[in-house]
Amino acid sequence: MNETSMTTAKVINGIQIWPQEKIERFRTTLLSWYDIEKRDLPWRKNNDPYRIWVSEIMLQQTRVDTVIPYYLNFMRTFPSIEALSQAEEDTLLKTWEGLGYYSRVRNLQKAAIQIMEEYNGEMPRDPKEIIKLKGIGPYTTGAIASMAFGLPEPAVDGNIMRILSRLFEIDADIAVPANRKLFEEILREIIDPYRPGDFNQALMDLGATICTPKNYHPEKSPVKEFNQSYLNGTWEKYPVKSKKKKAKPVYYAGVVISNQKGELLLEKRPSNGLLASMWTFPLLEESQISQFFAKGKFLSPKEGTSDYSVNELNDQLDLFYGIKPVLIKEPIAGDTHIFSHLKWHMAIYYGELPKNDLIDSIPEHCAWVKPEDFDQYTFPGPQMKMWAAYKNKFLEK
DNA sequence: AAATCGGGGGC
DNA sequence: GCCCCAGATTT
(Lines give C-alpha, C1' and ligand atoms only; values in the text may rest on other atoms or scores of the structure.)
Protein backbone atom coordinates (compact mmCIF):
# COMPACT_ATOMS: atom_id res chain seq x y z
CA MET A 1 0.00 0.00 0.00
CA ASN A 2 1.32 3.41 -0.98
CA GLU A 3 1.03 5.74 2.01
CA THR A 4 1.67 8.89 0.03
CA SER A 5 -1.03 8.25 -2.51
CA MET A 6 -4.27 10.24 -2.65
CA THR A 7 -5.27 12.21 0.40
CA THR A 8 -4.27 9.38 2.79
CA ALA A 9 -7.73 7.90 3.38
CA LYS A 10 -7.69 6.03 6.68
CA VAL A 11 -7.68 2.29 7.17
CA ILE A 12 -9.25 0.88 10.33
CA ASN A 13 -8.82 -2.82 10.99
CA GLY A 14 -8.40 -3.41 7.29
CA ILE A 15 -11.48 -1.34 6.48
CA GLN A 16 -10.77 1.37 3.93
CA ILE A 17 -12.44 4.60 5.03
CA TRP A 18 -13.57 7.07 2.39
CA PRO A 19 -11.58 10.15 1.39
CA GLN A 20 -12.70 13.41 3.00
CA GLU A 21 -14.58 14.60 -0.05
CA LYS A 22 -16.68 11.44 -0.13
CA ILE A 23 -17.35 11.59 3.62
CA GLU A 24 -18.72 15.09 3.23
CA ARG A 25 -20.92 14.05 0.31
CA PHE A 26 -22.28 11.19 2.42
CA ARG A 27 -23.15 13.53 5.28
CA THR A 28 -24.99 15.90 2.96
CA THR A 29 -26.88 13.09 1.26
CA LEU A 30 -27.90 11.40 4.50
CA LEU A 31 -28.94 14.58 6.30
CA SER A 32 -30.89 15.86 3.30
CA TRP A 33 -32.85 12.62 3.33
CA TYR A 34 -33.34 12.88 7.11
CA ASP A 35 -34.59 16.45 6.93
CA ILE A 36 -37.43 15.28 4.69
CA GLU A 37 -38.14 11.78 5.95
CA LYS A 38 -37.38 11.88 9.68
CA ARG A 39 -39.98 10.30 11.93
CA ASP A 40 -42.11 12.57 14.11
CA LEU A 41 -41.43 11.18 17.61
CA PRO A 42 -42.44 12.62 20.99
CA TRP A 43 -38.87 12.79 22.33
CA ARG A 44 -37.76 14.80 19.32
CA LYS A 45 -39.74 17.89 20.30
CA ASN A 46 -36.65 19.52 21.83
CA ASN A 47 -33.12 18.71 23.01
CA ASP A 48 -33.84 18.43 26.72
CA PRO A 49 -31.30 15.88 28.03
CA TYR A 50 -33.84 14.36 30.45
CA ARG A 51 -36.35 13.68 27.67
CA ILE A 52 -33.68 12.22 25.44
CA TRP A 53 -32.24 10.12 28.26
CA VAL A 54 -35.59 8.58 29.24
CA SER A 55 -36.40 7.78 25.63
CA GLU A 56 -33.02 6.14 25.06
CA ILE A 57 -33.39 3.89 28.10
CA MET A 58 -36.89 2.85 27.04
CA LEU A 59 -35.72 2.19 23.49
CA GLN A 60 -32.99 -0.25 24.53
CA GLN A 61 -33.92 -3.53 22.83
CA THR A 62 -37.44 -2.17 22.36
CA ARG A 63 -39.31 -0.97 19.29
CA VAL A 64 -40.38 2.63 18.79
CA ASP A 65 -44.08 1.78 18.46
CA THR A 66 -44.01 -0.06 21.76
CA VAL A 67 -42.22 2.75 23.57
CA ILE A 68 -44.36 5.76 22.59
CA PRO A 69 -47.32 5.26 24.99
CA TYR A 70 -44.99 4.30 27.85
CA TYR A 71 -42.88 7.35 27.19
CA LEU A 72 -45.81 9.78 27.24
CA ASN A 73 -47.12 8.30 30.49
CA PHE A 74 -43.67 8.27 32.10
CA MET A 75 -43.02 11.94 31.33
CA ARG A 76 -46.44 12.86 32.73
CA THR A 77 -45.75 10.87 35.90
CA PHE A 78 -42.15 12.04 36.36
CA PRO A 79 -41.76 15.40 34.57
CA SER A 80 -38.28 16.10 35.95
CA ILE A 81 -35.11 14.42 37.14
CA GLU A 82 -35.98 15.54 40.66
CA ALA A 83 -39.46 13.97 40.50
CA LEU A 84 -37.93 10.73 39.24
CA SER A 85 -35.33 10.73 42.00
CA GLN A 86 -38.10 10.87 44.63
CA ALA A 87 -40.44 8.23 43.16
CA GLU A 88 -41.74 5.28 45.20
CA GLU A 89 -40.46 1.95 43.91
CA ASP A 90 -43.94 0.52 43.28
CA THR A 91 -45.01 3.62 41.34
CA LEU A 92 -41.81 3.45 39.36
CA LEU A 93 -42.20 -0.22 38.47
CA LYS A 94 -45.84 0.32 37.46
CA THR A 95 -44.78 2.79 34.77
CA TRP A 96 -42.62 0.05 33.24
CA GLU A 97 -45.19 -2.77 33.54
CA GLY A 98 -45.17 -4.82 30.34
CA LEU A 99 -42.13 -3.07 28.87
CA GLY A 100 -39.57 -5.62 30.06
CA TYR A 101 -35.96 -5.42 31.26
CA TYR A 102 -37.16 -3.90 34.51
CA SER A 103 -33.68 -3.17 35.86
CA ARG A 104 -33.70 -0.34 33.33
CA VAL A 105 -36.21 1.66 35.36
CA ARG A 106 -34.47 0.90 38.66
CA ASN A 107 -31.17 2.10 37.21
CA LEU A 108 -32.91 5.12 35.72
CA GLN A 109 -33.92 6.22 39.21
CA LYS A 110 -30.49 5.43 40.66
CA ALA A 111 -28.95 7.65 38.01
CA ALA A 112 -31.49 10.40 38.77
CA ILE A 113 -30.36 10.27 42.39
CA GLN A 114 -26.73 10.36 41.25
CA ILE A 115 -27.48 13.48 39.17
CA MET A 116 -29.25 15.18 42.09
CA GLU A 117 -26.43 14.41 44.51
CA GLU A 118 -23.30 14.65 42.37
CA TYR A 119 -24.18 16.86 39.40
CA ASN A 120 -26.36 19.56 40.95
CA GLY A 121 -29.51 18.14 39.38
CA GLU A 122 -28.34 18.46 35.78
CA MET A 123 -27.23 15.83 33.30
CA PRO A 124 -23.43 16.21 32.89
CA ARG A 125 -22.17 17.17 29.43
CA ASP A 126 -18.88 15.29 29.50
CA PRO A 127 -19.23 11.76 28.03
CA LYS A 128 -16.72 10.53 30.63
CA GLU A 129 -19.19 11.62 33.32
CA ILE A 130 -22.35 10.54 31.49
CA ILE A 131 -21.16 6.95 31.25
CA LYS A 132 -20.68 6.80 35.04
CA LEU A 133 -24.45 7.01 35.50
CA LYS A 134 -26.29 3.77 36.27
CA GLY A 135 -27.83 2.08 33.25
CA ILE A 136 -25.99 4.29 30.77
CA GLY A 137 -23.48 2.41 28.63
CA PRO A 138 -21.50 3.34 25.53
CA TYR A 139 -24.50 3.58 23.19
CA THR A 140 -26.66 5.77 25.45
CA THR A 141 -23.68 7.98 26.32
CA GLY A 142 -23.13 8.69 22.65
CA ALA A 143 -26.83 9.28 22.06
CA ILE A 144 -27.16 11.82 24.89
CA ALA A 145 -23.87 13.56 24.13
CA SER A 146 -24.66 13.96 20.43
CA MET A 147 -28.41 14.66 20.57
CA ALA A 148 -28.64 16.79 23.72
CA PHE A 149 -25.23 18.50 23.69
CA GLY A 150 -24.17 18.45 20.04
CA LEU A 151 -20.94 16.57 20.64
CA PRO A 152 -19.51 14.39 17.82
CA GLU A 153 -19.81 11.12 19.77
CA PRO A 154 -20.72 7.83 18.10
CA ALA A 155 -23.91 6.08 19.28
CA VAL A 156 -23.51 2.55 17.99
CA ASP A 157 -26.63 0.41 18.25
CA GLY A 158 -27.85 -2.58 16.28
CA ASN A 159 -29.09 -0.38 13.44
CA ILE A 160 -25.79 1.37 12.98
CA MET A 161 -23.72 -1.81 13.07
CA ARG A 162 -25.97 -3.28 10.38
CA ILE A 163 -25.72 -0.16 8.21
CA LEU A 164 -21.95 0.26 8.52
CA SER A 165 -21.46 -3.45 7.98
CA ARG A 166 -23.26 -3.16 4.63
CA LEU A 167 -21.70 0.17 3.63
CA PHE A 168 -18.12 -1.05 4.15
CA GLU A 169 -18.50 -4.84 3.71
CA ILE A 170 -17.36 -5.46 7.28
CA ASP A 171 -16.85 -9.13 8.13
CA ALA A 172 -16.67 -8.64 11.91
CA ASP A 173 -19.46 -10.49 13.75
CA ILE A 174 -21.86 -7.85 15.10
CA ALA A 175 -23.05 -10.29 17.78
CA VAL A 176 -19.60 -10.20 19.41
CA PRO A 177 -19.59 -7.32 21.94
CA ALA A 178 -15.87 -6.62 21.49
CA ASN A 179 -16.46 -5.72 17.83
CA ARG A 180 -18.55 -2.69 18.74
CA LYS A 181 -15.35 -0.65 19.09
CA LEU A 182 -14.56 -1.10 15.41
CA PHE A 183 -17.91 0.41 14.45
CA GLU A 184 -17.37 3.28 16.88
CA GLU A 185 -14.02 4.07 15.28
CA ILE A 186 -15.55 4.13 11.81
CA LEU A 187 -18.48 6.27 12.96
CA ARG A 188 -16.08 8.77 14.54
CA GLU A 189 -14.55 9.27 11.10
CA ILE A 190 -17.77 9.87 9.22
CA ILE A 191 -20.04 11.55 11.80
CA ASP A 192 -21.04 15.10 10.88
CA PRO A 193 -19.29 17.45 13.35
CA TYR A 194 -21.90 20.16 12.82
CA ARG A 195 -25.00 17.97 13.25
CA PRO A 196 -23.82 14.90 15.17
CA GLY A 197 -27.16 14.25 16.88
CA ASP A 198 -29.08 14.43 13.62
CA PHE A 199 -26.43 12.28 11.94
CA ASN A 200 -26.81 9.50 14.51
CA GLN A 201 -30.60 9.70 14.37
CA ALA A 202 -30.56 9.75 10.58
CA LEU A 203 -28.69 6.45 10.57
CA MET A 204 -31.16 4.97 13.07
CA ASP A 205 -34.14 6.09 10.96
CA LEU A 206 -32.45 4.64 7.90
CA GLY A 207 -31.94 1.35 9.75
CA ALA A 208 -35.54 1.29 10.98
CA THR A 209 -37.18 2.09 7.65
CA ILE A 210 -34.91 1.08 4.74
CA CYS A 211 -31.71 -0.65 5.82
CA THR A 212 -33.75 -3.26 7.70
CA PRO A 213 -32.68 -6.73 8.86
CA LYS A 214 -35.21 -8.39 6.55
CA ASN A 215 -37.02 -7.34 3.37
CA TYR A 216 -33.98 -5.23 2.61
CA HIS A 217 -33.92 -3.47 -0.77
CA PRO A 218 -30.60 -1.65 -1.08
CA GLU A 219 -31.61 -0.01 -4.35
CA LYS A 220 -34.19 2.04 -2.42
CA SER A 221 -31.63 3.59 -0.09
CA PRO A 222 -30.82 7.29 -0.33
CA VAL A 223 -27.16 6.39 0.22
CA LYS A 224 -26.99 3.44 -2.18
CA GLU A 225 -24.18 5.09 -4.19
CA PHE A 226 -22.01 4.84 -1.03
CA ASN A 227 -22.96 1.24 -0.30
CA GLN A 228 -20.00 -0.95 -1.18
CA SER A 229 -21.87 -4.24 -0.65
CA TYR A 230 -24.65 -3.04 -2.97
CA LEU A 231 -22.23 -1.88 -5.64
CA ASN A 232 -20.31 -5.17 -5.39
CA GLY A 233 -23.41 -7.35 -5.21
CA THR A 234 -22.39 -8.83 -1.85
CA TRP A 235 -25.09 -7.15 0.24
CA GLU A 236 -26.86 -10.40 1.16
CA LYS A 237 -23.78 -11.42 3.18
CA TYR A 238 -24.01 -8.47 5.57
CA PRO A 239 -24.15 -8.03 8.45
CA VAL A 240 -22.31 -11.10 9.70
CA LYS A 241 -24.09 -12.14 12.89
CA SER A 242 -23.74 -15.39 14.82
CA LYS A 243 -26.80 -17.09 16.24
CA LYS A 244 -27.71 -17.03 19.88
CA LYS A 245 -28.66 -19.99 21.99
CA LYS A 246 -32.19 -21.25 22.45
CA ALA A 247 -34.17 -20.45 25.58
CA LYS A 248 -33.85 -23.13 28.22
CA PRO A 249 -37.12 -24.77 29.30
CA VAL A 250 -38.25 -24.42 32.92
CA TYR A 251 -41.37 -26.05 34.35
CA TYR A 252 -43.76 -24.55 36.88
CA ALA A 253 -47.06 -25.15 38.55
CA GLY A 254 -48.82 -21.81 38.97
CA VAL A 255 -51.45 -21.92 41.66
CA VAL A 256 -54.49 -19.66 42.02
CA ILE A 257 -55.73 -19.88 45.59
CA SER A 258 -58.92 -18.20 46.83
CA ASN A 259 -59.75 -17.62 50.50
CA GLN A 260 -63.20 -17.35 52.13
CA LYS A 261 -63.40 -13.65 51.27
CA GLY A 262 -62.80 -14.20 47.57
CA GLU A 263 -59.28 -12.80 47.76
CA LEU A 264 -56.49 -14.43 45.75
CA LEU A 265 -52.99 -15.17 47.01
CA LEU A 266 -50.19 -13.14 45.42
CA GLU A 267 -46.49 -13.20 46.15
CA LYS A 268 -43.82 -10.59 45.56
CA ARG A 269 -40.69 -11.86 43.85
CA PRO A 270 -37.25 -11.17 45.34
CA SER A 271 -35.69 -7.74 44.78
CA ASN A 272 -32.96 -9.21 42.58
CA GLY A 273 -32.99 -11.39 39.49
CA LEU A 274 -35.67 -12.16 36.95
CA LEU A 275 -38.87 -10.06 37.28
CA ALA A 276 -37.51 -8.57 40.50
CA SER A 277 -40.10 -7.16 42.95
CA MET A 278 -43.04 -8.01 40.69
CA TRP A 279 -46.16 -9.89 41.81
CA THR A 280 -47.43 -13.28 40.67
CA PHE A 281 -49.61 -16.15 41.81
CA PRO A 282 -47.45 -18.69 43.66
CA LEU A 283 -45.16 -20.57 41.30
CA LEU A 284 -43.61 -23.92 42.21
CA GLU A 285 -40.63 -25.10 40.23
CA GLU A 286 -40.18 -28.52 38.73
CA SER A 287 -37.32 -29.31 41.09
CA GLN A 288 -39.77 -28.87 43.97
CA ILE A 289 -42.61 -30.79 42.37
CA SER A 290 -40.94 -33.02 39.84
CA GLN A 291 -43.85 -35.43 40.01
CA PHE A 292 -45.88 -32.95 37.94
CA PHE A 293 -43.77 -33.52 34.94
CA ALA A 294 -42.82 -36.79 33.36
CA LYS A 295 -39.13 -36.80 32.39
CA GLY A 296 -39.11 -33.05 31.85
CA LYS A 297 -42.22 -33.23 29.69
CA PHE A 298 -44.94 -30.71 30.44
CA LEU A 299 -48.25 -32.38 31.26
CA SER A 300 -50.84 -30.16 29.65
CA PRO A 301 -54.45 -30.23 30.87
CA LYS A 302 -55.29 -32.54 27.97
CA GLU A 303 -52.66 -35.03 29.00
CA GLY A 304 -53.83 -34.90 32.61
CA THR A 305 -52.03 -35.38 35.87
CA SER A 306 -52.20 -37.91 38.66
CA ASP A 307 -53.77 -37.58 42.11
CA TYR A 308 -50.35 -38.13 43.53
CA SER A 309 -49.18 -34.92 41.86
CA VAL A 310 -51.94 -32.89 43.49
CA ASN A 311 -51.13 -34.37 46.87
CA GLU A 312 -47.52 -33.39 46.33
CA LEU A 313 -48.58 -29.89 45.36
CA ASN A 314 -50.60 -29.60 48.57
CA ASP A 315 -47.54 -30.55 50.60
CA GLN A 316 -45.48 -27.89 48.86
CA LEU A 317 -48.13 -25.20 49.38
CA ASP A 318 -48.25 -26.05 53.08
CA LEU A 319 -44.47 -25.98 53.33
CA PHE A 320 -43.80 -22.75 51.42
CA TYR A 321 -47.00 -20.74 52.01
CA GLY A 322 -48.54 -22.22 55.17
CA ILE A 323 -51.86 -22.96 53.49
CA LYS A 324 -53.92 -26.12 53.02
CA PRO A 325 -56.28 -25.44 50.14
CA VAL A 326 -58.59 -27.91 48.43
CA LEU A 327 -57.27 -28.16 44.88
CA ILE A 328 -59.02 -29.06 41.68
CA LYS A 329 -57.18 -32.17 40.50
CA GLU A 330 -56.74 -31.19 36.88
CA PRO A 331 -54.99 -27.98 35.82
CA ILE A 332 -57.49 -25.36 34.68
CA ALA A 333 -55.12 -24.34 31.88
CA GLY A 334 -51.57 -24.53 30.58
CA ASP A 335 -49.48 -21.81 28.99
CA THR A 336 -45.92 -20.89 28.10
CA HIS A 337 -43.94 -17.69 28.34
CA ILE A 338 -40.67 -17.00 26.54
CA PHE A 339 -37.93 -14.80 27.98
CA SER A 340 -34.60 -14.09 26.29
CA HIS A 341 -32.90 -17.07 27.86
CA LEU A 342 -35.74 -19.10 29.46
CA LYS A 343 -38.99 -20.65 28.37
CA TRP A 344 -41.47 -21.12 31.18
CA HIS A 345 -44.00 -23.94 30.92
CA MET A 346 -46.84 -23.30 33.35
CA ALA A 347 -49.53 -25.69 34.49
CA ILE A 348 -52.18 -23.56 36.18
CA TYR A 349 -54.10 -25.03 39.14
CA TYR A 350 -56.97 -23.69 41.21
CA GLY A 351 -57.87 -24.27 44.84
CA GLU A 352 -59.88 -22.79 47.72
CA LEU A 353 -59.22 -22.60 51.44
CA PRO A 354 -61.78 -24.58 53.47
CA LYS A 355 -64.23 -22.47 55.47
CA ASN A 356 -62.63 -23.20 58.81
CA ASP A 357 -59.04 -22.61 57.72
CA LEU A 358 -56.89 -19.83 59.16
CA ILE A 359 -55.76 -17.35 56.52
CA ASP A 360 -53.35 -15.24 58.52
CA SER A 361 -50.30 -17.47 58.42
CA ILE A 362 -48.93 -16.61 54.99
CA PRO A 363 -45.30 -15.48 54.54
CA GLU A 364 -44.20 -11.85 54.70
CA HIS A 365 -43.75 -11.48 50.93
CA CYS A 366 -47.31 -12.69 50.20
CA ALA A 367 -50.70 -10.98 50.24
CA TRP A 368 -54.40 -11.81 49.86
CA VAL A 369 -55.73 -9.40 47.26
CA LYS A 370 -59.19 -8.74 45.86
CA PRO A 371 -59.19 -8.99 42.05
CA GLU A 372 -60.55 -5.43 41.78
CA ASP A 373 -57.33 -4.24 43.48
CA PHE A 374 -54.98 -6.05 41.06
CA ASP A 375 -54.32 -2.81 39.20
CA GLN A 376 -52.39 -1.61 42.24
CA TYR A 377 -49.84 -4.40 41.76
CA THR A 378 -47.25 -4.72 39.02
CA PHE A 379 -47.72 -7.92 37.03
CA PRO A 380 -45.21 -9.41 34.58
CA GLY A 381 -46.25 -11.25 31.41
CA PRO A 382 -46.52 -14.76 32.88
CA GLN A 383 -48.81 -13.48 35.63
CA MET A 384 -51.00 -11.78 33.03
CA LYS A 385 -51.34 -15.16 31.32
CA MET A 386 -52.21 -17.02 34.52
CA TRP A 387 -54.74 -14.34 35.45
CA ALA A 388 -56.27 -14.51 31.97
CA ALA A 389 -56.56 -18.29 32.27
CA TYR A 390 -58.34 -17.96 35.62
CA LYS A 391 -60.74 -15.32 34.32
CA ASN A 392 -61.45 -17.38 31.23
CA LYS A 393 -62.30 -20.40 33.36
CA PHE A 394 -64.35 -18.82 36.16
CA LEU A 395 -65.35 -15.25 35.38
CA GLU A 396 -66.12 -14.93 31.68
CA LYS A 397 -68.48 -17.71 30.73
C1' DA B 1 -16.41 -13.91 26.70
C1' DA B 2 -20.70 -15.56 28.19
C1' DA B 3 -24.89 -15.21 30.79
C1' DT B 4 -28.56 -12.57 32.51
C1' DC B 5 -32.39 -9.62 31.91
C1' DG B 6 -38.79 -9.03 28.73
C1' DG B 7 -41.73 -8.64 25.63
C1' DG B 8 -43.68 -8.13 21.14
C1' DG B 9 -43.81 -7.91 15.98
C1' DG B 10 -42.81 -9.84 11.58
C1' DC B 11 -42.39 -13.70 8.73
C1' DG C 1 -40.52 -21.64 15.28
C1' DC C 2 -36.67 -17.89 14.53
C1' DC C 3 -34.87 -13.24 14.34
C1' DC C 4 -34.72 -8.68 15.75
C1' DC C 5 -35.28 -4.53 18.44
C1' DA C 6 -32.11 3.26 19.75
C1' DG C 7 -28.17 -2.48 25.26
C1' DA C 8 -26.32 -2.68 30.12
C1' DT C 9 -24.69 -5.27 33.86
C1' DT C 10 -22.97 -9.18 36.13
C1' DT C 11 -20.29 -13.31 36.33
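Note on naming: letters A, B, ... go to the chains in the order of the sequence lines (proteins, then strands), and numbering restarts at 1 for each one.
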Which of [range] have a heavy atom under 4.0 Å from DNA chain C?
range                       : value
residues 123-137 of chain A : A/Lys134, A/Gly135, A/Ile136, A/Gly137
residues 88-98 of chain A   : none
residues 156-183 of chain A : A/Asp157, A/Gly158, A/Asn159, A/Arg162

For the hydrophobic clusters of this structure (ILVMFWY residues joined by side-chain heavy atoms under 4.5 Å, transitively), does one cluster hold both A/Phe320 and A/Tyr349? yes
Would you say [X]'s side chain and [Y]'s backbone share a donor-acceptor pair under 3.5 angstrom?
X        : Y        : value
A/Arg162 : A/Cys211 : yes
A/Asn120 : A/Glu122 : no
A/Gln383 : A/Phe281 : yes
A/Tyr377 : A/Asp90  : no
A/Arg104 : A/Met58  : yes

Closer than 4.0 Å, any side-chain N/O of [X] to the OP1 or OP2 of [N]?
X        : N      : result
A/Asn215 : B/dC11 : yes
A/His337 : B/dG6  : no
A/His341 : B/dA3  : no

Below 30° counts as parallel, above 60° as perpendicular, anything between as tilted: where do the rings of A/Trp18 and A/Phe26 land?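 Geometry flag for A/Phe26 against A/Trp18: tilted rings.
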For a quick check of understanding: with a heavy-atom distance under 4.0 Å over all strands, which category does A/Pro382 fall into, base, sugar-phosphate or nothing? sugar-phosphate
Hey, does A/Thr66 reach any base, or is it just sugar-phosphate, or nothing, if we go heavy atoms under 4.0 Å? nothing
Which residues in residues 100-112 of chain A have a heavy atom closer than 4.0 Å to any atom of DNA chain B?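 Heavy-atom contacts with DNA chain B come from A/Gly100, A/Tyr101, A/Tyr102.
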Rounded to whole angstroms, how far apart are [atom1] on [X] and [atom2] on [N]?
X        : N     : atom1 : atom2 : answer
A/Trp344 : B/dG6 : CH2   : P     : 9 Å
A/Lys244 : B/dG6 : NZ    : C1'   : 11 Å
A/Phe379 : B/dG7 : CZ    : C1'   : 17 Å
A/Gln61  : B/dG6 : CD    : C1'   : 10 Å

Going 5' to 3' along DNA chain C, which are the first and last nucleotides with any atom under 4.0 Å from a heavy atom of chain A? C/dG1 to C/dT9
Ring centres of A/Trp96 and A/Tyr101 under 6.0 Å apart? no
Are A/His337 and A/Phe339 near enough that their ring centres are under 6.0 Å apart?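 Centroid distance A/His337-A/Phe339: below 6.0 Å, so yes.
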Determine the interatomic distance between P on C/dA6 and the same-named atom on B/dC5; round to the nearest Å. 23 Å
Between C/dT10 and B/dG6 - P atom distance, rounded Å: 14 Å
Spacing of CG belonging to A/Asn159 relative to OG1 belonging to A/Thr212, to within rounding of 0.5 Å: 9.5 Å
Go ahead and write out DNA chain B as dot-bracket, 5' to 3': ( ) for pairs within the strand, [ ] for ones crossing earlier pairs, | when the partner sits on another strand, dots for unpaired; Watson-Crick or G-U wobble, both distances under 3.5 Å. |||||.|||||
Test: A/Glu184 and A/Arg188 ion pair at under 4.0 Å: no
